[in-house]
Novice: 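Quick one: the structure is below, questions incoming.
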Amino acid sequence: MPGIVIIGAGQAGASLAAEARKLGYPGLITLIGDEPVAPYQRPPLSKGYLLGHVGVDRMALRAASFWGDHGIKLAVGRAVTAIDRANATVRAGGDSFHYDHLAMATGSTARQLPEAQGGLLQGVYTVRNIADVDVMATEFRPGRKLLIIGGGYIGLEAAAVGAKLGLNVTLIEMAPRILQRVAAPETSNFFRELHLSNGVAIRENTGLDRLVGSGRVSGAILADGTELETDFVIVGIGIMPRTQLAQEADLAIENGIRTDAYGRTSDQNIWAVGECASFPHGGGRIRLESVGHAIHHGEVVAKNILGATQAYEAKPWFWSDQYDVKLQIAGLNAGYDRVVERAVEAGSRSIWYYRGQQLLAVDAINDARAYMVGKRILESRQTIDPKYVVDVTTDVKALLSRAASL
């Protein structure tokens with residue numbers, strides 16, 4: 001009997017399935033995942049799981065009994081090979097799954113180094129799933145040399161784990177500074193100093209020419225000719241939305257699987273959720289990569305599958321844990337033209353991004369109160385005059401009473 005079939009058993013797919021059942025959907029719900037495990041949280045992979053502080057059971061999104069108790073069929077360890085739109089079926093693991101509604105929650109895949117740069121050498125890893133981390137975990141032994149390629153959040157989190165475990169860590173970033181794509185110089189400067197103080201060698205404005213080794217990586221030649229010895233390498237150069245199935249099914253693609261404001265693709269019976277999907281936002285179109293987005297998007301699309309017409313309104317939030325520092329981010333800083341910094345205590349601060357007088361985003365570093373205040377202002381579609389933000393004699397909660405609409 002057809003029902004809702006969801007391709008992808010990550011955060012977005014799991015949220016959609018749970019919400020559809022919670023709302024009273026009476027039909028079959030099938031959640032297909034290519035990993036042989038029930039839906040789990042991915043953020044701890046490059047943090048607590050890699051450190052060995054968080055086990056697989058603690059990363060589970062739901063209790064093991066939840067799926068059966070709620071009539072949600074888990075089909076894990078199965079890769080979907082084809083979507084037959086004409087017959088409304090999905091092929092996976094030799095079986096056919098018929099659908100009334102199909103939801104694409106295929107997520108993203110880590111960018112790989114090309115073979116010409118040594119990307120296929122043994123000892124070269126990416127961080128995307130449990131299997132990735134399980135394979136590389138044995139490499140993390142004190143005194144070994146770890147090279148990280150890419151100064152984004154994944155690379156920096158892996159560097160923090162390596163430093164904590166006593167490895168000799170070098171991180172290279174081809175851009176002029178770490179976090180350049182996602183953060184202001186003030187945030188980059190804080191994390192650069194944090195890593196340097198923990199013994200990580202950071203080389204910015206430094207690209208990779210190639211990795212070298214006979215079968216297994218043993219070194220790297222940088223773009224400036226420098227040669228480094230290394231025992232293993234972690235590649236953190238971004239992710240790409242998984243759109244191949246959608247492309248093969250002739251669905252519209254635009255920086256991901258193109259959807260309307262309700263999550264529907266170019267096929268009225270097929271939806272897309274989470275970081276594989278692009279959607280209308282602020283007069284343009286964006287794609288988001290965050291847990292908060294995956295949860296909220298999945299829940300909204302579940303409502304629309306059941307007949308609602310609720311346009312998805314993104315309320316972005318992100319976080320990163322490095323050493324004893326928690327970075328919390330609210331909003332999207334794209335298009336900012338200035339930042340102001342609020343520093344009340346040593347080791348904590350917040351960076352506030354503006355375009356003109358409009359607050360766009362907040363980076364809160366060990367400052368949960370600033371994060372919550374900034375998030376509330378943003379979600380109420382208000383702004384706050386920068387002069388109040390920088391006045392550290394005023395309690396941060398008082399900013400809420402000074403927020404105003406433009």
Side-chain angles (χ1 to χ4, degrees), residues 1-42 55-107 129-130 242 245-246 249 251 257 259 262-265 267-277 291-310 312:
M1 181 182 297
I4 298 174
V5 173
I6 304 165
I7 303 176
Q11 185 81 65
S15 295
L16 192 158
E19 185 70 7
R21 190 61 85 206
K22 175 183 174 183
L23 294 171
Y25 181 74
L28 294 176
I29 300 177
T30 304
L31 191 57
I32 306 174
D34 55 9
E35 294 185 70
V37 292
Y40 65 90
Q41 305 173 61
R42 293 189 188 277
V56 174
D57 55 337
R58 287 180 56 194
M59 294 198 299
L61 289 175
R62 302 279 186 170
S65 61
F66 173 86
W67 309 105
D69 291 347
H70 290 79
I72 298 170
K73 179 181 179 180
L74 280 185
V76 297
R78 303 193 190 195
V80 173
T81 54
I83 298 168
D84 183 346
R85 290 170 55 188
N87 294 301
T89 59
V90 167
R91 292 286 295 174
D95 295 322
S96 290
F97 298 86
H98 295 266
Y99 64 83
D100 293 314
H101 295 277
L102 175 64
M104 307 286 290
T106 49
N129 57 40
I130 285 176
R242 296 177 66 182
L245 280 172
L251 297 176
I257 305 170
T259 72
Y262 309 106
R264 184 180 276 111
T265 71
D267 183 318
Q268 66 175 357
N269 296 316
I270 302 180
W271 310 72
V273 294
E275 60 192 30
C276 70
V291 169
H293 163 63
I295 295 170
H296 188 212
H297 201 202
E299 291 174 349
V300 169
V301 172
K303 294 174 184 176
N304 292 335
I305 288 175
L306 271 65
T309 54
Q310 179 178 334
Y312 176 64

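No hydrogens, no waters, no symmetry mates; every other heavy atom, side chains included, goes into these values.
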Novice: Using modelled atom types only, decide if a donor and an acceptor are shared between the side chain of R78 and the backbone of I32 within a distance under 3.5 Å.
Specialist: no

Novice: If I compare all heavy atoms of R91 with all of S96, which pair ends up nearest, and what's the gap?
Specialist: NH1-OG, 2.8 Å

Novice: What are the two closest heavy atoms between M104 and A246, and how far apart are they?
Specialist: CE-N, 3.9 Å

Novice: Over all heavy atoms of both residues, which pair between A105 and V273 is shortest? Give the atoms and the distance, please.
Specialist: CB-CG2, 3.6 Å

Novice: Looking only at heavy atoms, what is the nearest atom pair of G274 and A12, with distance?
Specialist: CA-CB, 3.8 Å

Novice: For the side chain of H70 and the backbone of F66, is there at least one donor-acceptor N/O pair under 3.5 Å apart?
Specialist: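 Yes, because the side chain of H70 sits within donor-acceptor range (under 3.5 Å) of the backbone of F66.
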
Novice: So how far is it from I6 CD1 to W271 CH2, rounded to the nearest 0.5 Å?
Specialist: 12.5 Å

Novice: Determine, for D34 against R242, whether the closest basic-nitrogen to carboxylate-oxygen distance falls under 4.0 angstrom.
Specialist: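 Salt bridge: yes.
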
Novice: Please answer whether the main-chain N or O of I270 pairs with a side-chain N or O of T265 as donor and acceptor at a distance below 3.5 Å.
Specialist: yes

Novice: Could you give the distance from CG (L306) to CD (E19), rounded to the nearest 0.5 Å?
Specialist: 9.0 Å

Novice: Examine distances only and state if a side-chain atom of Y40 and a backbone atom of I130 form a donor-acceptor pair shorter than 3.5 Å.
Specialist: yes

Novice: Rounded to the nearest 0.5 Å, how far apart are CD1 of I72 and CG of L28?
Specialist: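 It is 11.5 Å, given to the nearest 0.5 Å.
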
Novice: How long is the straight-line distance from CG of L74 back to CZ of R62, given to the nearest 0.5 Å?
Specialist: 12.0 Å

Novice: Flag the pair L102 / R85 as yes when at least one side-chain heavy-atom distance between them is below 4.5 Å, and no otherwise.
Specialist: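 Side chain of L102 against side chain of R85, heavy atoms only: no contact under 4.5 Å found.
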
Novice: So R42 and N129, side-chain contact (heavy atoms from CB on, under 4.5 Å) or not? Walk me through it.
Specialist: CA-CA 7 Å; R42 293 189 188 277; N129 57 40; 3.6 Å; yes

Novice: Do V301 and T259 come close enough that some side-chain heavy atom pair is under 4.5 Å?
Specialist: no

Novice: Minimum heavy-atom separation for A302 and A20, please, with both atom names.
Specialist: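 Nearest heavy atoms, A302 then A20: CB-N, 3.8 Å.
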
Novice: Would the distance check show the side chain of H101 and the main-chain N or O of I4 forming a donor-acceptor pair, the cut-off being under 3.5 Å?
Specialist: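 Side chain of H101 to backbone of I4: no pair is present.
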
Novice: Taking all non-hydrogen atoms of both residues, which atom of P2 and which atom of Y99 are closest, and how far apart?
Specialist: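 The answer is CB-C, 3.8 Å.
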
Novice: Report the distance from atom CG of D84 to atom OG1 of T89, rounding to the nearest 0.5 Å.
Specialist: 4.0 Å

Novice: Got a second to check how far I305's CD1 is from L16's CG, nearest 0.5 Å?
Specialist: 4.5 Å

Novice: Is the closest side-chain heavy-atom distance between Q41 and L61 below 4.5 Å?
Specialist: yes

Novice: Please examine the side chains of I83 and I7, heavy atoms only from C-beta on, and report whether any two atoms are closer than 4.5 Å.
Specialist: yes

